Amino acid sequence: MAYQNIVFERAGAVGVITVSRSTVLNALSAATTQEIGAALREVEADQALRVAIITGAGEKAFVAGADIGELRAMATATAARDLSERGHQIGFEIARMSKVVIAAINGFALGGGLELAMACDIRIAADTAQFGMPEITLGIMPGWGGTQRLTRLIGPGMAKLLTLTGERFGAAEALRIGLVERVVPAAELMTVARTLADQIAGRAPLAVAAIKQAVQRGMDMPLADACMYEAALFGEVVASEDGREGTSAFLEKRPPVFKGR
Ligand code: COA
(Lines give C-alpha, C1' and ligand atoms only; values in the text may rest on other atoms or scores of the structure.)
Protein backbone atom coordinates (compact mmCIF):
# COMPACT_ATOMS: atom_id res chain seq x y z
CA MET A 1 0.00 0.00 0.00
CA ALA A 2 1.21 3.54 -0.78
CA TYR A 3 1.24 5.82 2.26
CA GLN A 4 1.00 9.63 2.34
CA ASN A 5 1.45 10.36 6.06
CA ILE A 6 3.75 7.61 7.24
CA VAL A 7 6.83 5.82 5.94
CA PHE A 8 6.79 2.06 6.26
CA GLU A 9 10.10 0.21 5.91
CA ARG A 10 11.16 -3.37 6.45
CA ALA A 11 14.51 -3.90 8.18
CA GLY A 12 15.14 -7.61 8.57
CA ALA A 13 12.33 -8.97 10.75
CA VAL A 14 11.31 -5.49 11.91
CA GLY A 15 8.68 -3.22 10.33
CA VAL A 16 9.46 0.42 11.06
CA ILE A 17 6.49 2.81 10.88
CA THR A 18 7.55 6.47 10.88
CA VAL A 19 4.81 9.06 11.27
CA SER A 20 5.83 11.80 8.86
CA ARG A 21 3.88 15.08 8.78
CA SER A 22 6.65 17.60 9.30
CA THR A 23 4.52 20.76 9.02
CA VAL A 24 2.39 19.79 12.05
CA LEU A 25 4.97 17.97 14.21
CA ASN A 26 3.61 14.60 13.03
CA ALA A 27 0.12 15.31 14.42
CA LEU A 28 -2.34 12.52 13.74
CA SER A 29 -4.98 13.29 11.15
CA ALA A 30 -7.72 10.68 10.64
CA ALA A 31 -5.94 9.58 7.46
CA THR A 32 -2.64 9.18 9.36
CA THR A 33 -4.31 7.00 11.98
CA GLN A 34 -5.81 4.84 9.23
CA GLU A 35 -2.40 4.45 7.61
CA ILE A 36 -0.78 3.43 10.90
CA GLY A 37 -3.52 0.80 11.25
CA ALA A 38 -2.93 -0.45 7.72
CA ALA A 39 0.84 -0.68 8.27
CA LEU A 40 0.32 -2.61 11.51
CA ARG A 41 -1.92 -5.04 9.62
CA GLU A 42 0.87 -5.44 7.04
CA VAL A 43 3.26 -6.34 9.85
CA GLU A 44 0.80 -8.84 11.36
CA ALA A 45 0.17 -10.49 7.99
CA ASP A 46 3.82 -10.73 6.91
CA GLN A 47 5.44 -13.98 8.06
CA ALA A 48 8.89 -12.43 7.67
CA LEU A 49 8.15 -9.62 10.15
CA ARG A 50 8.18 -10.29 13.89
CA VAL A 51 8.20 -6.85 15.54
CA ALA A 52 7.03 -3.32 14.67
CA ILE A 53 8.57 -0.04 15.76
CA ILE A 54 6.53 3.17 15.66
CA THR A 55 8.47 6.44 15.68
CA GLY A 56 8.20 10.02 14.43
CA ALA A 57 10.07 11.69 11.58
CA GLY A 58 12.69 14.31 12.47
CA GLU A 59 14.20 15.11 15.84
CA LYS A 60 11.50 17.29 17.35
CA ALA A 61 8.37 15.20 17.57
CA PHE A 62 7.20 11.64 17.99
CA VAL A 63 3.58 12.76 17.52
CA ALA A 64 2.34 16.15 18.82
CA GLY A 65 -1.20 14.87 19.32
CA ALA A 66 -4.35 14.67 17.31
CA ASP A 67 -4.52 17.15 14.45
CA ILE A 68 -6.06 20.15 16.23
CA GLY A 69 -7.25 21.58 12.90
CA GLU A 70 -9.32 18.46 12.30
CA LEU A 71 -10.64 18.52 15.87
CA ARG A 72 -11.68 22.15 15.51
CA ALA A 73 -13.61 21.26 12.35
CA MET A 74 -15.60 18.51 14.09
CA ALA A 75 -19.15 19.78 13.77
CA THR A 76 -21.02 17.27 15.93
CA ALA A 77 -20.59 15.12 19.01
CA THR A 78 -21.27 12.07 16.82
CA ALA A 79 -18.39 12.90 14.48
CA ALA A 80 -16.00 13.37 17.41
CA ARG A 81 -17.20 10.15 19.01
CA ASP A 82 -16.56 8.29 15.72
CA LEU A 83 -13.04 9.72 15.63
CA SER A 84 -12.47 8.54 19.19
CA GLU A 85 -13.75 5.05 18.44
CA ARG A 86 -11.57 4.75 15.33
CA GLY A 87 -8.57 5.72 17.49
CA HIS A 88 -9.56 3.07 20.02
CA GLN A 89 -9.59 0.43 17.28
CA ILE A 90 -5.87 0.99 16.63
CA GLY A 91 -5.13 0.37 20.30
CA PHE A 92 -7.23 -2.79 20.33
CA GLU A 93 -5.55 -3.98 17.12
CA ILE A 94 -2.10 -3.52 18.66
CA ALA A 95 -3.27 -5.45 21.74
CA ARG A 96 -4.59 -8.32 19.61
CA MET A 97 -1.50 -8.57 17.38
CA SER A 98 0.62 -11.66 17.83
CA LYS A 99 3.65 -9.46 17.17
CA VAL A 100 5.23 -6.93 19.50
CA VAL A 101 4.96 -3.18 18.85
CA ILE A 102 7.62 -0.87 20.28
CA ALA A 103 7.20 2.91 20.50
CA ALA A 104 10.51 4.73 19.90
CA ILE A 105 9.66 8.16 21.31
CA ASN A 106 12.01 10.65 19.70
CA GLY A 107 10.45 13.98 20.77
CA PHE A 108 7.08 15.46 21.71
CA ALA A 109 4.61 12.71 22.66
CA LEU A 110 1.55 14.76 23.49
CA GLY A 111 -2.12 13.88 23.70
CA GLY A 112 -2.94 11.41 20.93
CA GLY A 113 0.82 10.89 20.42
CA LEU A 114 1.22 9.71 23.99
CA GLU A 115 -1.98 7.67 23.65
CA LEU A 116 -0.50 5.95 20.58
CA ALA A 117 2.71 5.25 22.53
CA MET A 118 0.71 3.94 25.49
CA ALA A 119 -1.14 1.52 23.20
CA CYS A 120 2.22 0.01 22.16
CA ASP A 121 3.66 -2.95 24.04
CA ILE A 122 6.94 -1.30 25.10
CA ARG A 123 8.07 2.35 25.15
CA ILE A 124 11.68 3.49 24.67
CA ALA A 125 12.23 7.25 24.91
CA ALA A 126 15.00 9.61 23.87
CA ASP A 127 16.31 11.61 26.83
CA THR A 128 15.09 14.72 24.98
CA ALA A 129 11.48 13.50 24.64
CA GLN A 130 8.68 15.59 26.11
CA PHE A 131 5.43 14.12 27.36
CA GLY A 132 2.02 15.43 28.29
CA MET A 133 -1.73 15.12 27.98
CA PRO A 134 -2.59 18.74 27.07
CA GLU A 135 -6.20 18.15 25.95
CA ILE A 136 -7.54 19.92 29.05
CA THR A 137 -5.73 23.11 27.99
CA LEU A 138 -7.75 22.98 24.75
CA GLY A 139 -11.00 22.63 26.66
CA ILE A 140 -11.35 18.98 25.66
CA MET A 141 -10.31 15.59 27.04
CA PRO A 142 -8.27 12.56 25.93
CA GLY A 143 -10.27 10.39 23.55
CA TRP A 144 -7.97 7.65 22.25
CA GLY A 145 -7.79 5.54 25.37
CA GLY A 146 -5.69 8.05 27.31
CA THR A 147 -7.81 8.21 30.45
CA GLN A 148 -7.80 4.40 30.62
CA ARG A 149 -4.30 3.34 29.55
CA LEU A 150 -2.62 6.11 31.56
CA THR A 151 -4.54 4.92 34.63
CA ARG A 152 -3.52 1.31 34.05
CA LEU A 153 0.12 2.27 33.50
CA ILE A 154 0.71 4.83 36.25
CA GLY A 155 -2.32 4.66 38.58
CA PRO A 156 -5.42 6.83 38.97
CA GLY A 157 -3.91 9.65 41.06
CA MET A 158 -1.04 10.39 38.69
CA ALA A 159 -3.31 9.89 35.66
CA LYS A 160 -5.71 12.49 37.02
CA LEU A 161 -2.89 14.87 37.93
CA LEU A 162 -1.46 14.76 34.40
CA THR A 163 -4.77 14.89 32.49
CA LEU A 164 -6.30 17.58 34.70
CA THR A 165 -3.27 19.91 34.57
CA GLY A 166 -2.06 19.13 31.04
CA GLU A 167 1.47 19.77 32.31
CA ARG A 168 4.46 18.76 30.19
CA PHE A 169 7.29 16.66 31.58
CA GLY A 170 10.54 15.14 30.44
CA ALA A 171 11.84 11.63 29.88
CA ALA A 172 13.33 11.20 33.36
CA GLU A 173 9.93 11.87 34.95
CA ALA A 174 8.24 9.58 32.41
CA LEU A 175 10.64 6.82 33.46
CA ARG A 176 10.15 7.54 37.16
CA ILE A 177 6.36 7.21 36.97
CA GLY A 178 6.49 4.08 34.81
CA LEU A 179 5.19 5.65 31.62
CA VAL A 180 8.21 4.49 29.60
CA GLU A 181 10.38 1.44 30.12
CA ARG A 182 13.77 2.87 29.09
CA VAL A 183 15.35 6.26 28.40
CA VAL A 184 18.40 6.45 26.14
CA PRO A 185 20.52 9.24 24.61
CA ALA A 186 18.59 10.69 21.66
CA ALA A 187 21.29 9.77 19.15
CA GLU A 188 21.04 6.11 20.18
CA LEU A 189 17.25 5.79 20.22
CA MET A 190 16.72 3.92 16.97
CA THR A 191 19.77 1.68 17.52
CA VAL A 192 18.47 0.70 20.95
CA ALA A 193 14.93 0.19 19.62
CA ARG A 194 16.23 -1.92 16.73
CA THR A 195 18.45 -4.01 19.03
CA LEU A 196 15.48 -4.67 21.31
CA ALA A 197 13.26 -5.46 18.32
CA ASP A 198 15.87 -7.84 16.86
CA GLN A 199 16.24 -9.54 20.25
CA ILE A 200 12.48 -10.18 20.51
CA ALA A 201 12.32 -11.13 16.81
CA GLY A 202 14.87 -13.88 17.53
CA ARG A 203 12.75 -15.45 20.28
CA ALA A 204 10.26 -18.28 19.66
CA PRO A 205 7.25 -16.63 17.96
CA LEU A 206 4.58 -18.73 19.72
CA ALA A 207 6.08 -17.94 23.12
CA VAL A 208 6.31 -14.22 22.27
CA ALA A 209 2.66 -14.13 21.20
CA ALA A 210 1.54 -16.15 24.24
CA ILE A 211 3.42 -13.92 26.70
CA LYS A 212 1.99 -10.79 25.10
CA GLN A 213 -1.58 -12.15 25.22
CA ALA A 214 -1.19 -13.48 28.78
CA VAL A 215 -0.14 -10.02 30.00
CA GLN A 216 -2.56 -8.13 27.78
CA ARG A 217 -5.75 -10.14 28.32
CA GLY A 218 -4.85 -11.08 31.87
CA MET A 219 -5.00 -7.40 32.88
CA ASP A 220 -8.74 -7.42 32.15
CA MET A 221 -9.46 -10.64 34.11
CA PRO A 222 -9.74 -11.54 37.78
CA LEU A 223 -6.40 -13.02 38.96
CA ALA A 224 -7.61 -16.62 39.20
CA ASP A 225 -9.08 -16.51 35.66
CA ALA A 226 -5.92 -14.86 34.34
CA CYS A 227 -3.80 -17.61 35.90
CA MET A 228 -6.01 -20.25 34.28
CA TYR A 229 -5.54 -18.47 30.96
CA GLU A 230 -1.78 -18.42 31.57
CA ALA A 231 -1.83 -22.16 32.32
CA ALA A 232 -3.64 -22.88 29.04
CA LEU A 233 -1.12 -20.85 27.06
CA PHE A 234 1.78 -22.41 29.01
CA GLY A 235 0.48 -25.86 28.04
CA GLU A 236 0.45 -24.96 24.35
CA VAL A 237 3.87 -23.30 24.41
CA VAL A 238 5.63 -26.04 26.40
CA ALA A 239 4.18 -28.72 24.09
CA SER A 240 5.10 -26.77 20.92
CA GLU A 241 7.99 -27.80 18.68
CA ASP A 242 9.85 -24.62 19.66
CA GLY A 243 9.25 -25.31 23.36
CA ARG A 244 10.83 -28.74 23.00
CA GLU A 245 13.64 -27.28 20.86
CA GLY A 246 14.48 -24.54 23.39
CA THR A 247 14.61 -26.87 26.37
CA SER A 248 16.54 -29.55 24.42
CA ALA A 249 19.03 -26.96 23.16
CA PHE A 250 19.69 -25.83 26.74
CA LEU A 251 20.33 -29.38 27.92
CA GLU A 252 22.49 -30.13 24.86
CA LYS A 253 24.43 -26.85 25.39
CA ARG A 254 23.72 -25.49 21.89
CA PRO A 255 21.82 -22.47 20.58
CA PRO A 256 18.14 -23.18 19.79
CA VAL A 257 16.70 -22.99 16.29
CA PHE A 258 13.10 -21.78 16.50
CA LYS A 259 10.63 -22.38 13.68
CA GLY A 260 7.45 -20.78 14.96
CA ARG A 261 5.75 -24.13 15.46
N1 COA B 1 -2.24 19.65 15.51
C2 COA B 1 -2.10 20.47 14.47
N3 COA B 1 -1.01 21.23 14.27
C4 COA B 1 -0.04 21.16 15.20
C5 COA B 1 -0.12 20.32 16.32
C6 COA B 1 -1.29 19.54 16.46
N7 COA B 1 -1.45 18.70 17.49
N8 COA B 1 1.01 20.46 17.06
C9 COA B 1 1.77 21.36 16.40
N10 COA B 1 1.14 21.79 15.28
C11 COA B 1 1.65 22.74 14.28
C12 COA B 1 1.64 24.15 14.83
O13 COA B 1 0.36 24.73 14.67
C14 COA B 1 2.68 24.80 13.95
O15 COA B 1 2.11 25.09 12.70
P16 COA B 1 2.50 26.46 11.91
O17 COA B 1 3.97 26.29 11.59
O18 COA B 1 1.63 26.44 10.70
O19 COA B 1 2.23 27.59 12.87
C20 COA B 1 3.71 23.68 13.73
O21 COA B 1 3.02 22.47 14.03
C22 COA B 1 4.90 23.79 14.64
O23 COA B 1 4.43 23.91 15.98
P24 COA B 1 4.83 25.12 16.94
O25 COA B 1 3.75 25.26 17.95
O26 COA B 1 5.21 26.33 16.16
O27 COA B 1 6.16 24.51 17.60
P28 COA B 1 6.75 24.84 19.05
O29 COA B 1 8.10 24.21 19.08
O30 COA B 1 6.61 26.28 19.36
O31 COA B 1 5.78 24.06 20.06
C32 COA B 1 4.48 22.17 20.80
C33 COA B 1 5.71 22.65 20.00
C34 COA B 1 4.36 20.67 20.58
C35 COA B 1 4.66 22.48 22.27
C36 COA B 1 3.21 22.92 20.28
O37 COA B 1 3.16 22.77 18.87
C38 COA B 1 1.92 22.38 20.83
O39 COA B 1 1.56 22.67 21.97
N40 COA B 1 1.19 21.57 20.02
C41 COA B 1 -0.11 21.07 20.38
C42 COA B 1 0.01 19.91 21.33
C43 COA B 1 -1.36 19.44 21.76
O44 COA B 1 -2.12 20.15 22.39
N45 COA B 1 -1.67 18.16 21.43
C46 COA B 1 -2.90 17.53 21.83
C47 COA B 1 -3.92 17.67 20.78
S48 COA B 1 -5.45 16.93 21.28
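Quick caveat: nothing in here was measured; it's all calculated off a predicted structure. What you see below is based on every heavy atom in this structure, not just the backbone, and it leaves out hydrogens, waters and symmetry mates.
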* **Audit row: Thr163, Leu150, side-chain contact (heavy atoms from CB on, under 4.5 Å) steps and yes/no** => CA-CA 9 Å; Thr163 49; Leu150 196 59; 3.8 Å; yes
* Asked: Given the rule in the salt bridge (charged side-chain N to carboxylate O under 4.0 Å, His left out) test, do Lys259 and Glu245 qualify, once you have shown the distances and angles that lead to the verdict?
  -> CA-CA 9 Å; Lys259 295 182 177 152; Glu245 164 64 8; over 6 Å; no
* Asked: Arg50 and Asp198: salt bridge (charged side-chain N to carboxylate O under 4.0 Å, His left out), yes or no, with the steps?
  -> CA-CA 9 Å; Arg50 306 265 8 122; Asp198 288 342; over 6 Å; no
* **Criterion side-chain contact (heavy atoms from CB on, under 4.5 Å) on Gln216 and Asp121, from CA distance to verdict** => CA-CA 9 Å; Gln216 199 70 49; Asp121 296 305; 3.9 Å; yes
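Counting only N and O atoms by type, the side chains of Glu44 and Ser98 include a donor and acceptor under 3.5 Å apart.
When all heavy atoms are compared, the tightest approach of Leu206 to Gly260 is CG-O, 4.0 Å.
For Thr137 (side chain) and Gly166 (main-chain N/O), no donor-acceptor pair under 3.5 Å exists by modelled atom type. Put simply, the side chain of His88 never gets that close to the backbone of Leu83: no donor and acceptor are under 3.5 Å apart.
Counting heavy atoms of neighbouring residues, nucleotides and ligands inside a 6.0 Å radius, atom CD of Glu59 does not exceed 12 of them. The neighbour count for Met228 CE, taken as heavy atoms of other residues, nucleotides or ligands under 6.0 Å away, does not exceed 12. Dense packing is recorded around CZ of Arg10, with more than 12 heavy atoms of other residues, nucleotides or ligands lying under 6.0 Å away. Summarising the local packing, CZ of Arg72 is surrounded by 12 or fewer heavy atoms from other residues, nucleotides or ligands at distances under 6.0 Å. Within 6.0 Å of atom CZ in Phe234, 12 or fewer heavy atoms from other residues, nucleotides or ligands are found, so the atom counts as exposed in its surroundings. Around the CD atom of Gln47, the shell of radius 6.0 Å holds no more than 12 heavy atoms that belong to other residues, nucleotides or ligands.
Screening Val180, Thr195, Val184, Val183 for a side-chain contact (heavy atoms from CB on, under 4.5 Å) with Ile124, the sole residue that qualifies is Val184. Applying the side-chain contact (heavy atoms from CB on, under 4.5 Å) test between Leu114 and each of Arg123, Arg149, Met133, Gln130 identifies Met133 as the sole match.
With salt bridges taken as basic N to acidic carboxylate O contacts below 4.0 Å, one links Arg176 and Glu173.
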